[in-house]
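Indexing begins at 1, ligand by ligand and atom by atom, following the structure's order. Note that the structure is a prediction, hence the values are computed from the model and not measured.
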Amino acid sequence: MTSVQPVRGTQSLLGDEADRLAKVVATFDRVRRLYGFKRVEVPTIEQTAVFARTIGETTDVVSKEMYSFEDRGGESITLRPEFTAGICRAYLSEGWQQFAPLKLAASGSAFRYERPQKGRFREFHQLDAEIIGAGESQADIEILCLADQLLKELGIEGAILQLNTLGDPETRSAWRDALYEHFRGHAAALSEDSKARLERNPLRILDSKAHEDWPIVDSAPTIDDFLTPEAADFFAQVSEGLTAAGVQWERAPRLVRGLDYYRHTAFEFVTDRLGAQGTVLAGGRYDGLIEALGGPHTPAVGWAAGVERLAMMIGEPEAEKPSVTVIPLGPRAEAEAQRIVAGLRREGVATDMAYRGNMKKRLSRANSAGAAYALIIGDDELDRGEAQLKDLASGEQRSVSLDLISEAIRS
Ligand code: ATP
Ligand code: MG
């Protein structure tokens with residue numbers, strides 16, 4: 001029988017590698033509290049329609065990346081490719097509307113069937129932040145400040161906030177028409193994917209990953225010539241608010257979120273450290289999404305970040321080190337060691353026990369685990385109610401009373 005293999009694009013991580021992901025999530029959890037974002041849990045599975053209706057049939061995610069299946073009851077189910085749709089579904093079906101405006105945070109795994117490579121997996125993890133029920137520019141500023149502070153607290157330097165506006169519906173449709181004219185004029189030179197996007201959603205050509213499209217994208221009209229005074233004013237409020245809050249940003253006039261319900265603010269934090277997978281956090285204002293799910297008009301803004309991509313950019317997490325490794329020598333000492341180890345751990349002292357091999361092996365295990373002390377318990381000393389405490393850094397060794405071990409370690 002061949003041995004079992006992981007599913008392509010999934011990761012199994014041990015120790016430090018797993019700690020990196022946990023550190024990203026823990027930092028997010030700390031920072032989102034500073035901003036008063038409530039934690040939400042949403043299901044990993046939703047009815048397929050929840051994603052199909054909100055993410056949009058023309059996107060890569062819906063057209064080719066979703067893990068969808070029919071369950072035993074014949075219902076079409078999809079593993080979440082992102083959090084926003086499920087959170088908005090819950091906002092409607094769980095009656096969370098009564099609490100609006102709501103600042104929400106979630107994290108967990110997401111699934112997309114795409115070609116695995118560095119920073120791109122089929123099961124990955126996202127951090128997600130949303131403000132639902134607030135149309136004010138203050139919400140955009142707050143959620144971007146949260147993103148910026150998160151990256152700073154993770155010690156990630158050099159992720160640049162690229163900011164754009166998609167305007168209001170009037171702005172957007174005028175820009176869309178101009179883009180259509182521009183791309184139609186260059187249709188022959190466009191990639192196959194972009195040719196297909198031309199009729200359905202010309203904005204998405206701006207987001208193309210095909211090199212042959214880039215010169216045509218670079219010469220495309222920018223949204224600025226089409227902004228209504230209201231849309232220009234909203235963008236000015238967001239950009240000035242960010243500057244006031246000390247968040248650095250760059251204007252990216254061709255950055256888009258492809259779907260029709262996106263309005264006003266669109267953004268990405270981008271780095272040059274992860275090759276082609278340089279976007280670590282992305283989002284925008286999606287005032288029309290909840291209507292697409294059959295709810296009332298509800299302005300909202302949010303972002304999602306890739307945990308694996310962030311984890312690749314942070315410093316080494318603190319290694320788990322025991323303060324003390326207990327080394328029992330002899331059967332009576334072994335029994336007593338169980339009591340001592342349990343007691344130390346209950347007092348909050350990180351404790352390990354070395355129970356295999358000779359004394360030398362056990363001491364070297366204590367050393368390689370990074371313990372500060374070894375506590376050596378022999379049967380003779382046990383009779384006197386004592387053990388030997390060895391400071392592994394200095395090599396110094398002294399007798400300590402079994403009742404006073406944690407005091408001796410802490411002093
Ligand atoms: P990309 O252009 O890299 O495919 P995207 O536009 O599909 O990204 P979003 O849907 O905006 O990504 O998701 C938000 C974030 O989630 C991304 O910026 C990225 O950090 C992360 N992400 C998306 N897809 C993956 C994946 N397959 N593996 C790892 N991280 C991912
Ligand atoms: Mg993608």
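- Regarding atom 1 (P) of ligand 1, its nearest protein heavy-atom neighbour is Arg120 NH2, 3.6 Å.
- For atom 18 (O) of ligand 1, the nearest non-hydrogen atom of the protein is Thr279 O, 3.2 Å.
- The shortest heavy-atom distance from Lys209 to ligand 1 is under 4.0 Å.
- Among Val62, Asp60, Val61, the one residue that satisfies the side chain to side chain contact (heavy atoms under 4.5 Å, CB included) test with Pro81 is Val61.
- Taking a cutoff of 4.0 Å between a charged side-chain nitrogen and a carboxylate oxygen, Glu308 and Arg120 do not qualify as a salt bridge.
- At the shortest separation from atom 30 (N) of ligand 1 among protein heavy atoms lies Phe124 CD1, 3.4 Å.
- Taking a cutoff of 4.0 Å between a charged side-chain nitrogen and a carboxylate oxygen, Lys390 and Glu396 do not qualify as a salt bridge.
- The shortest N/O to N/O separation between Ala282 and ligand 1 does not fall below 3.5 Å.
- Here the options are Leu344, Val341, Ile340, the test is side chain to side chain contact (heavy atoms under 4.5 Å, CB included), and the partner is Val324; only Leu344 passes.
- For Gln47 and Glu75, the side-chain atoms include at least one donor-acceptor pair closer than 3.5 Å.
- Side chain of Asp128 to backbone of Ala106: no donor-acceptor contact under 3.5 angstrom is found.
- Contact atoms of ligand 1 toward Val280: 18 (O), 20 (O) (distance under 4.0 Å to a heavy atom of the residue).
- Some N or O of Gly306 is nearer than 3.5 Å to an N or O of ligand 1, by distance alone.
- Between the side chains of Asp168 and Thr171, at least one donor-acceptor pair of N or O atoms lies under 3.5 Å.
- Within the listing of ligand 1, atoms 28 (N), 29 (C), 30 (N) sit less than 4.0 angstrom from a heavy atom of Gly119.
- Trp175 and Thr222 share no donor-acceptor pair across their side chains, judged by distance under 3.5 Å alone.
- With hydrogens left out, the protein atom closest to atom 13 (O) of ligand 1 is Gln126 NE2, 3.2 Å, a heavy atom.
- By the 3.5 Å distance cut-off applied to N or O atoms, Glu308 is not counted among the residues near ligand 1.
- Contact annotation for atom 8 (O) of ligand 1: protein absent (non-hydrogen atoms, distance under 4.0 Å).
- Listed by number with element, the atoms of ligand 1 under 4.0 angstrom from any heavy atom of Glu114 are 24 (N), 25 (C), 26 (C), 27 (N).
- Within the 4.0 Å heavy-atom cutoff, Arg309 counts among the residues contacting ligand 1.
- Within the 4.0 Å cut-off (strictly below), a protein heavy atom is located near atom 28 (N) of ligand 1.
- For the residue pair Glu130/Tyr286, the side-chain donor-acceptor check at 3.5 Å is satisfied.
- Given atom 6 (O) of ligand 1, the protein heavy atom at minimum distance is Arg257 NH1, 4.9 Å.
- A donor-acceptor pair shorter than 3.5 Å cannot be found between the side chains of Glu142 and Gln138.
- Arg112 NH1, 3.9 Å is the protein heavy atom nearest to atom 5 (P) of ligand 1.
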